[in-house]
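Okay, structure first, notes after.
Both ligands and their constituent atoms are indexed starting at 1 by order of listing.
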Amino acid sequence: MQELSVDVAIIGTGTAGMGAYRGARQHTESVLAIESGPYGTTCARVGCMPSKLLIAAAEAAHAVAAAPGFGVNVLGVQVDGRAVMQRVRAERDRFVGFVTESVDGWPTAHKLRGHARFVAPGVLEVQDQGSGRSTRVRAARIVIATGSEPVIEPRWQQVLGDRLIRNDEVFDWQELPRAVLVLGAGVIALELAQALHRLGVRVRLIGRSQRVGPLTDPALQALSREILGAEIPMHLGLAQPDLRREGDEVVLTVAGQEERFDWVLAAAGRRPRLQGLGLELSGLPLDAQGVPLFDRHTGQVGSQPVFIAGDANAELQLLHEAADEGRIAGDNAGRWPDVRVRPRRAPLAVVFSDPQIMLAGQSHAELLRAGVAFETGRVSFADQGRSRVMRKNQGGLHLYADKDSGRLLGAEMIGPAAEHLGHLLSWSVQRGDTVQQMLDSPFYHPVVEEGLRTALRDLQRALRMGPPPIERCLDCGPGA
Ligand SMILES: Cc1cc2nc3c(=O)[nH]c(=O)nc-3n(C[C@H](O)[C@H](O)[C@H](O)COP(=O)(O)OP(=O)(O)OC[C@H]3O[C@@H](n4cnc5c(N)ncnc54)[C@H](O)[C@@H]3O)c2cc1C
Ligand SMILES: NC(=O)c1ccc[n+]([C@@H]2O[C@H](COP(=O)([O-])OP(=O)(O)OC[C@H]3O[C@@H](n4cnc5c(N)ncnc54)[C@H](O)[C@@H]3O)[C@@H](O)[C@H]2O)c1
C-alpha cells in the first residue's frame, strides 16, 4: 500500500471541495484532493445546470402554448424530445468542461483518485476501484466535502428495481419518456415535474403530506399548492403509494384507479454522503443522524483539525453555500490552528418553478421558532400591473420585519421574478435595512418591484412606523 503524508487532505472535489482546495493552497502546497467519482461537480453534471437547461426548454414550449392568451395564434407545439435532451447534454458538457479544465490545472501530486474512508483519527485509506490501488494518507488536517445523495426508501428499490431513477439519470435520457411518476413534492420534484409536464411528458407528482415546495408561511404554502397543483398533476397526502412493477412499467393505484409510468423519479430529499466514510473510526463528535457536529462560522468539527463543507454538513444544500463553506473550511484547514470565524451571508433560496418560489433571510417558521416579535406585509400579484401585462399575475409576497427596529428580517414568495426580488430582499436583510429605507429607494414603472413596494407599505402600516404610507398611489402609475 502506498503511504502519503500531507498537511491538508480534502475528501471530494465538488463545489465545496474545489473551494476548499483553493482556500488551503493559500497556506500550503502540501494539499491532496481525493475524488471517487467523475470530476465536474454535482451542480454542473447532474444538478443546477442541466435542470435549468431542461427548464429553459420547457419555458420555450410553454411560451408558445401560452401565446394565444395574447392573441398570438401558433399552429400547435411540437417538442422534439431528442433535440431537447441533446441541447441539455451539450450545454451541460460545456459547463462541466470549465470545471474539469480547472481541476486539470492542479498539480498531479495534489490529486488522488479513489474512495476515501477514515481508518483512524487523521488517517484515511483511499481505494481506487479502477486501478485496484490503495493509498494510506496521513493528514494533519482534513476537509470533508463529500456532498449528498438522494434519499431512497429500500422498499422503493425492491418494488421498482431499475425503473427507479435519480436526478443523475434524467439528464442522460436520449429521448423524453412518455410518463414519469415523481416521488416527493419538494424543490427537485417541482422543478423537474413541471419541466417534463410542459415538454409533453405525462407526469404525476406524489407528496406524502399536503405540503408543496419549501414555503413555510401557511398562506403562501396554500397558494403554492393551489397554483402549482392547478398545473402539475399531483396526489398529495399519499405517504405509502401503492406501486407495483409490471414488465418495464410501474403501476400506481390510487382509489382503485391505475396509472402507468415508464420511470419513477426519486425526489424525496437528499442526505449527506457520509456512509462508508468510516466516521466511526474518525474520533469525530457526531449528531444523532451520524453527521459531524460542526461550527458553521469556521467549518470546524468539534475541536479537531477536521472541517466539513457543502451538502455533506446537512445544512443548506445550495451551490453558493457549498462554495462559501468550502472556502471557509479550506482556508481554516490551511491556517490551522489559527482558525478564523467568517460571517455568513443572508440566506437565499430560489425554486425555478413557474411561478418561481423564493425565501430570503429568515423564514416565517424560523421567526416563529425563535420567538421573534415581527410584523408581516403582504401583496398579491393577481392585480399587479406589470405582472398582469405579462400574464404572470399570480402569487404572493410576504415580508417580515422586526417590531422594534423596523428592520427587514425575511421574506417568502411565490410569484413572478421571485429570483430577482429574492436577491434584493436578501441583500436588504444582510445590510439591516429598515422598511422605511427600502421605501425611500427608487421604484421604476411599470415593474414587478412595484408589487414589493405595495408589500413594504403594508408592512410599514402594520409596524406603525414613519409617515402613514399612501393608501392608493395613483401617481405611481396604473396597476403599481
Ligand atoms: C437536481 C438538482 C438541482 C439543483 N439545483 C440547484 C440550483 O439551481 N441552485 C443551487 O444553489 N443548488 C442546486 N442544487 C444543489 C447543489 O447542486 C449542491 O448544493 C452542490 O452541488 C453541493 O456541492 P458539494 O461540493 O457539497 O457536493 P458535490 O458537488 O456532490 O461534491 C461531492 C464530491 O465528493 C465526492 N465523494 C463523495 N464521497 C467521497 C469519498 N468517500 N471519497 C472521495 N470522494 C468522495 C463525490 O464523488 C463528489 O464529486 C441542485 C441539486 C440537484 C441534485
Ligand atoms: N433551485 C434550487 O436551488 C435547487 C434545485 C434542486 C435541488 N436543490 C437542493 O437539493 C435539495 C434536495 O432536493 P429535494 O427536492 O430532493 O428535497 P426537498 O427537501 O426539497 O423535498 C423533499 C420532498 O420529499 C418528500 N419526502 C421526504 N421523504 C419522503 C418519503 N419517504 N416518501 C415520500 N416523500 C418523501 C418531502 O415531503 C418533500 O416533499 C434541496 O433541499 C435543495 O437544497 C436546490
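At a heavy-atom cutoff of 4.0 Å, ligand 1 is contacted by the side chain of A322 but not by its backbone. Of the heavy atoms in T146, both backbone and side-chain atoms come closer than 4.0 Å to ligand 1. With a heavy-atom cut-off of 4.0 Å, R273 touches ligand 1 through its side chain alone. Contact annotation: for R270 versus ligand 1, heavy atoms closer than 4.0 Å belong to the side chain alone.
Residues Y39 and R45 come closest through the heavy atom pair O-CD, 3.6 Å.
Looking at ligand 1, you'll find an N or O of S36 within less than 3.5 Å of one of its N or O atoms. Below 3.5 Å of separation, one finds an N or O of E35 facing an N or O of ligand 1.
Between R340 and D331 there is no salt bridge, since no side-chain N of the basic residue sits under 4.0 Å from a carboxylate O of the acidic one. Taking 4.0 Å as the cut-off between side-chain N and carboxylate O, E321 and R345 do not count as a salt-bridged pair.
Distances shorter than 4.0 angstrom do not occur between any heavy atom of L192 and any atom of ligand 1. Residue contacts with ligand 1 leave out G276, since none of its heavy atoms falls under 4.0 Å from the ligand. Taking a 4.0 Å cut-off on heavy atoms, E191 fails to register as neighbouring ligand 1. Ligand 1 lies nowhere less than 4.0 angstrom from a heavy atom belonging to E321. Assignment of F352 to the shell around ligand 1 is supported, since a heavy atom sits closer than 4.0 Å.
Evaluation of the salt bridge (charged side-chain N to carboxylate O under 4.0 Å, His left out) test over residues 199-220, restricted to residues two or more places apart or in two chains, returns R202-E259, R204-E259. Identified under the ring-ring contact (aromatic ring centres under 6.0 Å, His included) test for residues 100-158, with sequence neighbours left out: Y21-W106, Y21-H110. Pairs passing the side-chain hydrogen bond (donor to acceptor under 3.5 Å, both in side chains) check and including a residue from residues 276-302, sequence neighbours excluded, read R296-E315.
The contact set between ligand 1 and A16, taken as ligand atoms under 4.0 Å from a residue heavy atom, comprises 25 (O).
Listed by chain and residue number, the protein contacts of ligand 2 are K52, E153, W156, G184, A185, G186, V187, I188, E191, R208, A267, A268, G269, R270, Q317, L318, V350, F352 (heavy atom within 4.0 angstrom).
R89 and Q174 are linked by a side-chain donor-acceptor pair at a separation below 3.5 angstrom, with hydrogens and angles left out of the test.
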